[in-house]
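Remarks on the structure that follows.
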Amino acid sequence: MSSPETTAPVPPPSVVKAAARKPLRLIPRPRAALAVLLLVLFVGVLIVQAYINSEFTSDHLDSEVGDQSEVPGAIRGGGPVLNATGGQQSTSRMPPMTIALTFDDGPDPTWTPQILKVLRENHVVGTFFVIGSEVARHPKLVKQLTDAGNELGVHTFTHPNLQRIAPWRRTLEINETQNVIARATGVRTNLVRFPYSSKTEAIDDTNWKMVEDVGRQGYLMVVNDVDSEDWQRPGVPQILRNAMPFHDSPAIVLFHDSGGNRAETVAALRRYIPMMQSRGYRFTTVTGGLNRGIDLHNQQIAEQNRTAKVKAPVVPPLPENPRAEPGAVWRGAAVIGTVRVADWLVWAVAGMFLIVGALTIGRTALLLLLATRHARQRRRKTWSWGPPVTEPVSVIVPAYNEKEGIEAAVQSLAGGDYPAIEVVVVDDGSTDGTAALVEALALPNVRVVRVPNGGKSNALNTGVALARSDLIVTVDGDTIFEKDSIRMLVQPFADPRVGAVAGNVKVGNRQKMVAAWQHIEYVIGFNLDRRLYEVLGCMPTVPGAIGAFRREALDQVGGISDETLAEDTDVTMAICREGWKVVYEERAKAWTEAPATLEQLYKQRYRWSYGTMQAMWKHRRSLFDKGPSGRFGRVGLPFLALFGIGLPMLAPAVDVLLVYGLAFWELKETVIAWLGMLALQLFAAAVAFRFDRESLRPLWRLPLQQFAYRQLMYLVLLQSATTALTGGRLRWHKLHRAGLTPRTVEDPPAVPPVAAPRALSPGIAPAIDSWPPTRDQVRVTVQHPAAGRASARPAVPTQPRFLDDDDLPSAGSPPAGGSGPAYTG
C-alpha cells in the first residue's frame, strides 16, 4: 500500500549549524586513553630496562686526577675509609695485621656463590659492595651473604661513573640500591664505594665534593689499600702478588665477584686466605675492622679516664648491617618488581623476535614452495578447469548507502562478457537513494530488491533466495568488475567438486599513500596466501568483494550466517567443512575502493579481525571432527591462527627491538638484523607481485610501511583480541566512499571500461522488482526508501548453529586469522 507524500518541517539554519558542530572533547575516548596509557607504560618499562642494563667491562677506568686544592690534607694519603659525616674530615685504616676483603660489582649467580663457599670454608667474612640492579635480580643470593655474616655496601644501582652524571642521579643511584638491599635482606648499610674509585691519593676536588655529599647522607666512603686487579684476569700468581699488603700493613683489598669470568679470582682466594692467615693476618669486614679500631681507642680512653679528672667520652661502635626502615623495604619491593617486569618484558620481546623470525622464514619457504607450484600449474598452456562454464549466473549486490560507487559497480557487472547474467541489487534500507540510482540506470538485466535494514548477511540471503541461477556471485557495492571477471570467476565450477571460488581483489584508488600500502598488502596478504591455502585445501575466506558459490554448497551450510561479522570467512569455513573444494581464480579481478584514511582503515580492519576471530571460535569444534571437517580444523585453523593472527600479533617485536637496539644496543648488529627481516619481506613481496603481474614500483613504499601502517595493524589486532576476550560486541562500521574514477597513470586503470549492458536472457530474472512485489504499485518518494515496505521477508535459509545459545562467538572469541590480509612481520 502506498503512503501519501509528506513534507518534514525544515529547521532554521542556526539549529542546523549548531547541530553540525561537534562538541569539543576534553577527555579522550576510553579506548584511546587506554592505548596511550599502555604505550606509556610499555615505553617506561623499556626505559627502565635500558637504565638498569648499563653494562660495564671492569671496575677500572683510567682518568686523570684533577685539581686537589680543595681536598683536605688529612684526606690525601690517609686511610681508605673516609668520614665526612657531620662535617667531619677524617680517614681510618684497619687495625694492625687485619685484612678486609671487599668484592665489587655483584651479586653474580655464578661467581658470588663460589666466592661465598671459599669464605665459608676458611671461616672468614667479607664486605660485598653490590650493584642495585643485580640485587633486584638476585635478592635471595644477597640474603645468603648477610646470613653468612658478610657485610654489604652500596656500589650504585647501574655502575656509572658518578663524575659524569647529574647530582640528582647520584642520589638516585645510591638510594635505590639501599632500598633493594632493604627489601632483599631486611638490613641497610652505611658504606658506599664509587665505581672506578681507587685510593685516597687519587681523590681530587670533584671526588671530594661527592664524598662530602654522601657524608651528608650518613655514608662512609670506602676506597682500597690494595687492588688485586683481578678484573684484568692476569693469572692467579699475578693476582696473589697484586693483593699482597705492603710490609705487613693492614689493608682493605679489592676483588670482584661479578663483571666477567671470575674463575681466577676464586682460585686466587683459595690460596690467598690461608697464606695470609699463616702470616698472622685476621680477616674481617670493613665495619668490623673499624669497630676493632674503636675498641682499641676506647681502651686507651678508659686507661686515661682512670687518672684524669675529666672523663673523655667513649666512642660507640658502628652498626654492621643495621635493620632497615619499613619504608625502605616497601620502596625496595617496588623497585625489584619493576626490574623483574622490565627484564621479563625484554626477554619476552627478544623471544617473540626469534619466533617471528622463525615463522617468517617458515612462511616464506612455504609460499615459495607451494604458491610457486600453484602459479606454475595455472600458467601451463594445457591447464583447464574443464569444459567452458556457460550456465546462468546471478550476481548479488548487497548495498547500504553506496551512492558513490553503486552505478559504476552495477554497470560493470551488467556489461560483462558472460552470456547469461542477472544482477540483483539488494538495497538494505539505504537512506542515500542507492536503490533509486540503480533503478535510474534502467538496465535490462538488473533489478532492485528493497528490504528493511537487516545487515549484510540478511541482504545476501535475500538475494540468494530471489536469484534464479545455481551459480551465485557475491559483490560488494563499491566494487567494479572487469569485462571478463564473471566469466573467469565461474570457470572453476567446471569441476563438480568446487563449491566456492575466490577472486582477485585489486585496490582501485592506490594513488593515495594509505591505499597504496593496502595495495601492497592485498597482493601479498590476499592473493599470494590464497594460492597457498588452495594447495593446502583449507581456503579460509572467499572475499565479499568478488566470490562465487554453488547454490548447492550454500544450501548445505544453510546460507550466509549472521552470527559473525566476517560472514565471508564464516560461510567459507562452513563450505570447507562440508567437503567442497574452495579455489582461487587469479584472472577474475575486481577493483575495490580501499579506505583512504587511517581512521576508516582502522574501522574496517577492526571489523575484519574481530569477525574472523568469531568465525574461528565458531568452527573450533572442527579440530576434533573426522573427514573434511576435521582436515580443515586440523590444517586450516592452526595455519590461520599461526600465520594470520599469531604472527602479526608478535610482529611488533621486530620494531620494538629495532628502536631499543638503536638506542641501547649495538647499532650495527641491530640495523643488520632489521634489514635482514626487511629484505625477506621485500623478496616475498616481489614474488607476489610477479605472480600477480603487478609493477614492482609500489614496493618502494614498503620500508615506509614499517613505521606507520604496520603499527596501526598491531593496534587493530590487539583491540580485536581485547574486545573478544572481554566479551565486547562490535557493531558494523560503515565506511565513507568517494567512488572510483578512471585514471590515466601508467598503472592499470582502477575502473575498467564499462561495456553496454547485455540484454536480459529469457528466464533469468524473476518477475518481481522488490520484496514484497511492487510492480503494480505507484512508487512514492519518501524520506526513507524502505519506509512502509517489506513487512515480511522471503524464506531465507539459515546456517545450522554451530554454537550453543550461551556460547555466542561475539563474546570471548580468541585470536584467529583473517578475512583481511595477514601481515607477517
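Index from 1, following the sequence.
Among residues two or more places apart in sequence or in another chain, the side chain to side chain donor-acceptor pair (under 3.5 Å) test is passed with Glu534 by His374, Arg378. Trp383 pairs by the ring-ring contact (aromatic ring centres under 6.0 Å, His included) definition with Trp385, not counting sequence neighbours. Residues satisfying the side-chain contact (heavy atoms from CB on, under 4.5 Å) test with Leu623, not counting sequence neighbours, are Leu637, Pro638. For Ala590, the side-chain contact (heavy atoms from CB on, under 4.5 Å) criterion is met by Thr479, Phe481, Ile546, not counting sequence neighbours. For Ala500, the side-chain contact (heavy atoms from CB on, under 4.5 Å) partners are Val542, Phe549, Ile575, Val582, not counting sequence neighbours. Every residue meeting the side chain to side chain donor-acceptor pair (under 3.5 Å) condition with Asp625, not counting sequence neighbours, appears here in chain and number order: Arg577, Ser629. Partners of Gln491 according to the side chain to side chain donor-acceptor pair (under 3.5 Å) rule, which considers only residues two or more places apart in sequence or in another chain, do not exist here. With sequence neighbours left out, the ring-ring contact (aromatic ring centres under 6.0 Å, His included) criterion links Phe689 to His519. Residues passing the side-chain contact (heavy atoms from CB on, under 4.5 Å) test with Arg551, sequence neighbours excluded: Val464, Ala467, Asp470, Ile472, Asp555. Here Arg550 pairs with nothing under the side chain to side chain donor-acceptor pair (under 3.5 Å) rule; sequence neighbours left out.
Using a 4.0 Å cut-off between charged nitrogen and carboxylate oxygen, Glu694 and Arg510 count as a salt-bridge pair. The pair Asp568-Lys456 does not meet the salt-bridge criterion, since no charged nitrogen lies less than 4.0 angstrom from a carboxylate oxygen.
Atom CZ of Arg587 has more than 12 heavy atoms from other residues, nucleotides or ligands within 6.0 Å.
Remark: Phe632 CZ to His619 NE2 distance equals 7.5 Å, nearest 0.5 Å.
Within the structure, salt bridge (charged side-chain N to carboxylate O under 4.0 Å, His left out) contacts touching residues 486-496 (residues at least two apart or in different chains) are Asp417-Arg487, Asp495-Arg497, Asp495-Lys581. Listed by first then second residue, pairs satisfying salt bridge (charged side-chain N to carboxylate O under 4.0 Å, His left out) with a partner in residues 626-642 number zero, not counting sequence neighbours.
Judged by distance alone, the side chain of Glu578 and the main-chain N or O of Ala574 form no donor-acceptor pair under 3.5 Å.
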**Request:** I would like to know whether Tyr533 and Tyr584 meet ring pair (Phe, Tyr, Trp, His ring centres under 6.0 Å); could you show each step before the answer?
**Result:** CA-CA 9 Å; Tyr533 285 128; Tyr584 170 59; over 10 Å; no
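Nearest heavy atom pair, residue Pro492 against residue Val501, reads CB-CG2, 3.7 Å.
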